[in-house]
Amino acid sequence: MNPLTLDLIKLAFLAVLWLFVIAAVGVVRTDLFDQPTSPRRQRRAARQSARQPPPPPVPARPPRQSGRSRTSARQVVVTSGNLAGTTITLADQQITIGRAADATLVLTDDYASTRHARLYPQNGDWVVEDLGSTNGTYLDRQKVTQPMPVPVGVPIRIGKTVLELRR
């Protein structure tokens with residue numbers, strides 16, 4: 001084979017190798033700093049966040065129910081995972097769960113997404129919703145594919161982290 005051809009093949013291989021290294025560094029950078037690396041990706045992320053439905057309206061006061069309510073939960077407790085023992089008092093605002101720094105419950109779990117799930121009150125119940133996470137959210141071994149009401153004491157699993165609503 002011609003030496004010029006061999007040199008061109010070597011250069012092409014080297015260029016492909018460098019493109020791979022640059023792409024790998026971009027993925028690591030995005031994962032570590034949770035910021036899109038290019039303006040194109042920033043626009044894509046903005047479009048995706050604009051597509052997410054707004055949170056459902058929160059009623060001023062949940063309707064009263066006779067007898068003992070199943071929604072008399074007052075706190076969320078992390079029962080296992082890196083944050084075991086962490087307690088969050090429930091109020092009338094939603095709780096976001098994920099690796100993002102602005103989440104209400106910031107997880108250091110490798111299996112949790114940046115914005116993984118959210119808990120919010122609706123008609124006197126607490127509802128869990130998966131926010132398009134990679135590994136899914138589970139309510140007592142059932143994958144959450146749509147917003148689902150969470151009974152008191154039923155585990156919510158996000159990666160290796162398990163949460164429960166408590167009274």
Side-chain angles (χ1 to χ4, degrees), residues 24 26-37 41-167:
V27 168
V28 169
R29 178 177 164 207
T30 301
D31 193 37
L32 288 176
F33 301 111
D34 189 33
Q35 295 175 348
T37 56
R41 287 185 180 164
Q42 288 174 346
R43 287 191 301 271
R44 187 182 310 149
R47 278 194 306 258
Q48 286 177 347
S49 66
R51 277 191 235 147
Q52 289 182 348
V58 177
R61 293 191 133 205
R64 277 207 164 274
Q65 298 175 354
S66 62
R68 189 160 189 143
S69 170
R70 63 184 172 146
T71 61
S72 60
R74 293 194 179 115
Q75 56 189 2
V76 175
V77 178
V78 179
T79 57
S80 69
N82 291 339
L83 299 174
T86 303
T87 302
I88 297 175
T89 303
L90 297 175
D92 284 337
Q93 73 270 10
Q94 74 175 3
I95 295 172
T96 55
I97 305 165
R99 291 188 350 214
D102 63 343
T104 310
L105 181 61
V106 179
L107 302 178
T108 55
D109 192 337
D110 291 336
Y111 297 102
S113 298
T114 304
R115 289 187 180 25
H116 197 100
R118 70 181 180 135
L119 280 169
Y120 59 92
Q122 183 179 42
N123 299 329
D125 289 334
W126 280 93
V127 177
V128 66
E129 178 183 16
D130 186 82
L131 299 176
S133 64
T134 305
N135 294 320
T137 303
Y138 292 86
L139 180 63
D140 196 25
R141 295 185 181 159
Q142 181 181 2
K143 189 168 186 174
V144 175
T145 56
Q146 61 186 9
M148 298 175 70
V150 181
V152 174
V154 174
I156 302 167
R157 185 170 56 83
I158 296 172
K160 294 179 182 177
T161 304
V162 179
L163 321 162
E164 283 184 11
L165 292 180
R166 300 254 173 102
R167 295 193 167 128

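Start at 1 with the first residue, then count along the sequence.
- Shortest non-hydrogen contact noted between Ala103 and Thr96 is CA-OG1, 3.3 Å.
- For the pair Leu119 and Leu105, the minimum side-chain heavy-atom distance is 4.5 Å or more.
- Across all their heavy atoms, Pro147 and Val127 have their closest contact at CB-CG1, 3.6 Å.
- Although no hydrogens or angles enter the test, the distance criterion places a donor-acceptor pair under 3.5 Å between the side chain of Asp130 and the main chain of Thr137.
- Taken from CZ in Arg99 to OG1 in Thr114, the straight-line distance is 5.0 Å, to the nearest 0.5 Å.
- Two residues are said to be in side-chain contact when any heavy atoms from C-beta on lie closer than 4.5 Å; Thr79 and Arg166 meet this criterion.
- Summarising the geometry, atom CG belonging to Leu90 is positioned 10.5 Å from atom CZ belonging to Arg74; distances are rounded to the nearest 0.5 Å.
- Residues Val152 and Ala73 come closest through the heavy atom pair CG2-CB, 4.0 Å.
- Within 6.0 Å of OH in Tyr111 there are 12 or fewer heavy atoms belonging to other residues, nucleotides or ligands.
- Atom CD of residue Glu129 and atom CD of residue Gln146 lie 10.0 Å apart, to the nearest 0.5 angstrom.
- For the residue pair Arg157 and Val162, the shortest heavy atom distance occurs at CG-CG2, 4.2 Å.
- Counting heavy atoms from C-beta on, the side chains of Ile97 and Val128 never come closer than 4.5 Å.
- For the pair Lys143 and Gly136, the tightest heavy-atom approach, listed with the atom from each and the gap, is CE-CA, 4.0 Å.
- Minimum interatomic distance between Leu83 and Val106 (heavy atoms only, all atoms of both residues): CD1-O, 3.2 Å.
- With contacts defined as side-chain heavy-atom distances shorter than 4.5 Å, the pair Asn82/Thr161 does not qualify.
- Residues Ile156 and Val76 are not in side-chain contact: their nearest non-hydrogen atoms beyond the backbone lie 4.5 Å or more apart.
- Considering CD1 of Ile158 and NE2 of His116, their distance stands at 5.0 Å, rounded to 0.5 Å.
- To the nearest 0.5 Å, atom CD of residue Glu164 and atom OG of residue Ser80 are 9.0 Å apart.
- Here the side chains of Leu139 and Val150 are in contact, with some heavy-atom distance below 4.5 Å.
- The backbone N or O of Lys160 sits less than 3.5 Å from a side-chain atom of Asp109, completing a donor-acceptor pair.
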